[in-house]
Amino acid sequence: MSCAASNRPSKPKIVVEPPGPRARELLERDKRFLMQSFVRWYPLVVERAHDYIVYDVDGNMYIDLNSGLAVLNVGSTNPYVIEAVKKQLEKFTHYSLTDFYYENAVVLAEKLVSIAPFRGDGKVFYTNSGAESIEAAIKVSRHHTGRQYIIGFIGAFHGRTMGAVSLTASKPVQRKGFSPLVPSIIHVPYPYPYRCPFGAETPEECGEQVIGYIEEWVFGKLVDPSEVAAVFIEPIQGEGGYIVPPDNFMPKLRKLTEQHGILLVVDEVQTGFCRTGRMFAIEHWSVEPDIVALAKAIAAGFPLGAIVGRAEVMDIEPGGHASTFGGNPVSVAAALATIEYIEKERLCERASRLGEKVIKRFKEAMETGEAPLIGDVRGKGLMIGVELVRDKKTKEPARKELADILMKLFKRGYLVIGAGVSTVRIAPPLTITEEALMNAVEAVIEEIKRASSK
Ligand SMILES: Cc1ncc(COP(=O)(O)O)c(C=O)c1O
């Protein structure tokens with residue numbers, strides 16, 4: 001199957017108002033037997049999913065703008081990936097890479113190093129998730145530099161394990177009740193052009209003010225830069241609201257970290273693998289980090305994560321770090337096929353082209369007043385945020401409206417979730433047909449319009 005395949009559905013089909021009877025029954029059992037620590041935007045109970053089409057247990061068919069949370073960049077059950085996985089399943093399913101060797105893990109490491117957004121030699125460490133990749137990056141950063149402080153950003157989301165959640169700062173509930181967290185982590189504001197924490201008038205000014213804050217207030221008053229091991233940053237904030245930093249920011253941050261021998265760790269867990277129109281989002285600013293954290297889309301839904309770092313920083317000695325399942329051979333086979341598919345189908349170019357169309361349409365709806373709740377439209381490739389506000393001047397977040405809009409879209413057969421406080425997040429599989437995508441965008445605009453007129 002390729003993205004050029006025709007006769008794929010371009011509209012959803014709802015046969016029973018969701019949640020239908022089978023879904024409701026499952027929701028009850030879920031409530032009874034699962035810890036309810038998740039936030040579910042709406043009661044979708046998945047029965048099967050192919051490419052960008054999701055079916056629920058009551059026979060409804062949906063158009064997916066979530067990619068199972070930015071994982072299914074190559075679509076669900078991508079035949080190319082499934083074929084590779086089946087082959088590997090018949091060979092062996094596990095043989096702990098921490099103690100032994102196998103070839104596909106080396107082949108994938110070679111591939112990851114070759115596509116990593118930095119020049120020179122690199123090395124890989126495999127994990128099973130985004131949070132574990134962040135844990136590994138924290139350990140490598142401290143171990144390599146012999147320094148203990150780490151700088152992260154307000155609004156960041158890096159995962160839920162104790163190290164990762166200590167860097168996470170997008171919603172208080174994510175940290176509430178878990179302290180003491182990992183010490184020596186300092187959070188600074190993220191350059192959020194639409195709501196610059198320093199009140200800057202232009203995005204560039206906002207970028208400069210954040211750099212100035214780190215230099216003057218953090219390094220000048222709080223901690224000597226020689227004690228800082230790393231800066232961890234999402235090149236585009238995901239959970240925090242699909243926030244794109246100003247163009248001057250990443251180069252300035254790289255310069256600042258280089259000046260002080262501080263490692264730059266980019267968390268590409270959500271932005272990686274062509275989501276933003278480049279293999280890795282940091283490439284938009286031609287900045288070369290020291291470590292890249294990966295997971296989500298790397299293996300099209302099979303559990304795998306990785307960090308790819310410059311060879312000289314990946315220097316933990318034998319026995320210092322490992323994971324039994326990290327680099328599971330089935331997940332690795334899926335990752336190799338995923339990356340091959342992405343390259344073969346030129347999904348980066350596709351994400352850029354489709355993303356530009358989507359952004360243009362949302363901007364038009366904002367600028368013409370067609371959908372008055374839209375306060376800001378931003379993004380790269382198919383990682384697009386549409387921030388909703390009740391008032392363009394006060395920028396009061398349209399929180400409740402967002403929840404209503406997403407629920408209405410769900411009932412119509414469009415799977416969309418939010419990010420940050422009141423941002424619609426558009427992140428479909430990169431394989432989605434243009435027609436299905438633009439129909440979904442029109443549905444989103446219609447629902448925003450409807451909510452605006454209330
Ligand atoms: C940028 C980023 N980093 C890390 C994570 C954590 O990944 P996981 O849920 O696989 O632990 C996420 C998950 O949403 C993420 O968006």
Side-chain angles (χ1 to χ4, degrees), residues 35 37-41 66-73 117 125-139 141 150 152-171 173-175 178 181-182 185 187 190 192 230-245 250 264-276 278 280-282 284 289 291-308 323 325-328 331 334-335 338 379-385 417-420 423 425-427:
M35 181 165 81
S37 61
F38 317 125
V39 175
R40 269 92 166 231
W41 289 89
N66 297 324
S67 305
L69 260 299
V71 169
L72 304 167
N73 289 11
F125 176 82
Y126 291 117
T127 70
N128 304 284
S129 68
E132 270 185 70
S133 294
I134 295 298
E135 297 295 331
I138 294 173
K139 288 175 86 171
S141 304
I150 293 175
F153 288 83
I154 293 179
F157 187 87
H158 295 290
R160 310 284 195 158
T161 51
M162 286 306 272
V165 82
S166 306
L167 270 164
T168 287
S170 86
K171 292 189 180 73
V173 69
Q174 294 156 350
R175 299 159 61 95
F178 304 130
L181 301 177
V182 171
I185 291 179
H187 286 93
Y190 192 83
Y192 184 172
V231 172
F232 278 59
I233 188 161
E234 292 164 274
I236 295 178
Q237 264 190 355
E239 287 299 307
Y242 274 33
I243 300 164
V244 184
M250 289 295 172
L264 181 64
V265 180
V266 292
D267 179 344
E268 295 263 7
V269 167
Q270 185 154 172
T271 49
F273 299 100
C274 293
R275 168 60 49 202
T276 71
R278 298 284 171 90
F280 300 108
I282 194 70
H284 287 287
I291 297 174
V292 188
L294 305 172
K296 285 197 186 280
I298 188 172
F302 290 84
L304 184 71
I307 58 170
V308 191
S323 156
F325 288 132
N328 168 273
S331 295
T338 300
K380 290 202 180 284
L382 284 171
M383 180 168 187
I384 297 166
I417 64 164
T423 296
R425 108 161 70 182
I426 308 287

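We count residues from 1, following the sequence as given. Atoms within a ligand are numbered from 1 in the order they appear, just like the ligands themselves.
Side chain of S67 to backbone of A427: a donor-acceptor contact under 3.5 angstrom is found. With hydrogens and angles ignored, the 3.5 Å screen pairs no side-chain donor or acceptor of S133 with any backbone N or O of I307.
When every heavy atom of P289 is checked against every heavy atom of V266, the shortest pair comes out as CG-CG2, 3.7 Å.
Sorted by chain then number, the residues whose non-hydrogen atoms approach ligand 1 to under 4.0 Å are S129, G130, A131, F157, H158, G159, E234, D267, V269, Q270, K296.
For F157, the ring-ring contact (aromatic ring centres under 6.0 Å, His included) test picks out no residue, with sequence neighbours left out. Partners of T338 under the side chain to side chain contact (heavy atoms under 4.5 Å, CB included) rule, at least two apart in sequence or in another chain, are V74, V81, A300, I342.
Legend: salt bridge (charged side-chain N to carboxylate O under 4.0 Å, His left out) pairs involving residues 232-241, not counting sequence neighbours, sorted by first then second residue: E239-R425.
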